> 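Please find one structure pasted underneath; my questions will follow.
Worth saying up front: this structure is predicted, and the values here are computed from it rather than measured. Reminder, nothing fancy here: chain letters follow the sequence lines and each chain counts from 1.
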2 protein chains.
Amino acid sequence: MGSERPILKYVPKYSESLDRVFQALADETRRAIVARLVRGPATVSQLAEPLAMSLPAVMQHLQVLETAGLVRSEKTGRVRTCQIDPQALRTAEEWIASQRTSWEQRLDRLDDLLAQRPSEEPTEREP
Amino acid sequence: MGSERPILKYVPKYSESLDRVFQALADETRRAIVARLVRGPATVSQLAEPLAMSLPAVMQHLQVLETAGLVRSEKTGRVRTCQIDPQALRTAEEWIASQRTSWEQRLDRLDDLLAQRPSEEPTEREP
DNA sequence: CCCATAGTCAAGCATCTACTTAAGTATTTT
DNA sequence: AAAATACTTAAGTAGATGCTTGACTATGGG
């Protein structure tokens with residue numbers, strides 16, 4: 001109650017695409033598919049082959065990966081060939097990296113403060 | 001029936017922790033909490049304040065983040081103070097980076113091949 | 001002591017997920 | 001043309017998720 005933030009609540013909405021990418025990567029099967037495709041294109045059957053589940057299940061995972069923009073695929077004849085699209089992967093990596101950067105910068109500022117004033121009350125608990 | 005892989009299917013199981021981290025990051029509210037904590041510790045109420053949901057809902061998100069190892073918290077008196085634990089974030093970043101690296105190495109090898117033999121049958125479905 | 005604060009616990013509920021099986025539809029291959 | 005291959009679609013299901021409300025428990029002032 002102490003603070004005077006705007007009445008309008010901050011409803012996060014700015015990036016559904018990150019939602020989809022992280023959601024896609026949150027499943028081990030889908031990470032396995034990504035890891036496979038990173039080494040080169042593959043057909044649906046090739047992707048399914050080492051996985052302990054039905055073909056339709058694999059297709060559903062592929063759908064999730066495609067919706068997330070992590071994989072693209074193209075059908076030629078009766079064969080669908082899949083490959084990764086590295087852009088979405090980069091987006092996810094960048095979000096994490098930017099958080100880490102903020103964190104590290106903050107630690108640096110903290111170090112500076114502590115170095116300047118060795119016995120001060122820690123600034124930690126938020127102004 | 002072309003291939004002769006082992007009957008034993010490859011059941012992915014090696015990293016539940018990546019599951020939990022990516023799952024945690026797959027929600028915009030939780031990413032907002034991480035982004036907030038990256039700038040310094042905060043109490044549960046402070047975290048909840050800009051979010052358009054009930055306190056218990058925020059607690060549940062915090063639970064997810066803690067289980068994923070992204071956040072640690074400690075209760076002093078009646079106040080619980082939360083801070084990020086950057087290690088889990090790094091683990092996720094490293095997984096993504098390792099995939100990107102594999103992808104880039106593969107592209108490099110492909111470039112080499114194409115440079116050596118300019119008019120050969122393409123080894124891949126790749127330009 | 002009283003009561004506001006800060007957080008917790010427990011149900012309940014509408015979705016969403018990750019599968020499954022069964023039954024298709026195109027394309028080769030023979 | 002018939003059979004095999006490579007997906008695709010549809011429908012169903014058990015369990016996980018993201019929220020809610022209501023009741024409850026400590027703590028810290030006044």
> Checking Gln23(B) against Arg20(B): is there a side-chain donor and acceptor pair closer than 3.5 Å?
no
> Within this structure, what is the CG-to-P distance between Leu51(B) and dT20(D), rounded to whole angstrom?
11 Å
> From the set dT8(C), dT20(D), dT20(C), return the single nucleotide nearest to any side-chain atom of Gln60(A).
dT20(C)
> Quick one: pull up OG1 in Thr43(B) and CZ in Arg80(B) and give me the separation to the nearest 0.5 Å.
11.5 Å
> Which listed nucleotide (dC7(D), dC19(D), dT8(C)) is nearest to the side chain of Lys75(B)?
dT8(C)
> Side-chain N or O of Ser54(A) less than 4.0 angstrom from OP1 or OP2 on dC19(C)?
no
> Counting only side-chain nitrogens and oxygens, does Ser45(A) get under 4.0 Å of the OP1 or OP2 atom of dT5(D)?
no
> Let me know, please, whether Val64(A) or Val44(B) comes out on the 5' side of the other along DNA chain C by nearest nucleotide.
Val44(B)
> Nearest whole Å is fine: how far is dC7(D) P from Gln63(A) CD?
15 Å
> Which whole-number value in Å describes the distance from Leu65(B) CG to dG18(D) C1'?
13 Å
> Figure out the CG/P separation between Leu62(B) and dC19(D), and round it to whole Å.
12 Å
> In whole Å, I'd like the distance from the CD atom of Glu49(A) to the C1' atom of dA6(D).
14 Å
> Atom CE of Met59(B) to atom C1' of dT17(D): distance rounded to whole Å?
17 Å
> So which nucleotide from dA22(C), dG18(D), dT8(C) ends up closest to the side chain of His61(B)?
dG18(D)
> Nearest to the side chain of Thr29(B) - dC7(D), dC19(D), dT21(C)?
dC19(D)
> Which listed nucleotide (dA10(D), dC7(D), dT21(D)) is nearest to the side chain of Pro56(A)?
dA10(D)
> At less than 4.0 Å, is any side-chain N or O atom of Arg30(A) found next to OP1 or OP2 of dA18(C)? Yes or no.
yes
> Is the distance from OP1 or OP2 of dT8(C) to the nearest side-chain N or O of Arg80(B) less than 4.0 Å?
yes
> Which one, dC19(D), dA10(C), dT29(C), comes nearest to the side chain of Met53(B)?
dC19(D)
> Does any donor atom in the side chain of Glu66(A) or Ser73(A) lie under 3.5 Å from an acceptor atom in the other side chain?
yes
> Any chain of hydrophobic side-chain contacts (each under 4.5 Å) joining Leu89(B) to Val71(B)?
yes
> In terms of the nearest nucleotide of DNA chain D, which residue is placed more toward the 5' end: Val79(A) or Gln23(A)?
Val79(A)
> Return the value, rounded to whole Å, for the distance between atom CZ of Arg78(A) and atom C1' of dA4(D).
7 Å
> What is the distance, to the nearest angstrom, from the CD atom on Glu74(A) to the P atom on dA6(D)?
18 Å
> Between dT8(C), dG28(D), dC19(D), spot the one nearest the side chain of Asp27(B), thanks.
dC19(D)
> Are Met59(B) and Val64(B) joined in one hydrophobic group, where the rule is that I, L, V, M, F, W and Y side chains link up if heavy atoms are under 4.5 Å apart?
no
> Between Arg39(A) and Trp103(B), does the side chain to side chain contact (heavy atoms under 4.5 Å, CB included) criterion hold? Intermediate values first, please.
CA-CA 6 Å; Arg39(A) 295 168 197 284; Trp103(B) 161 265; over 6 Å; no
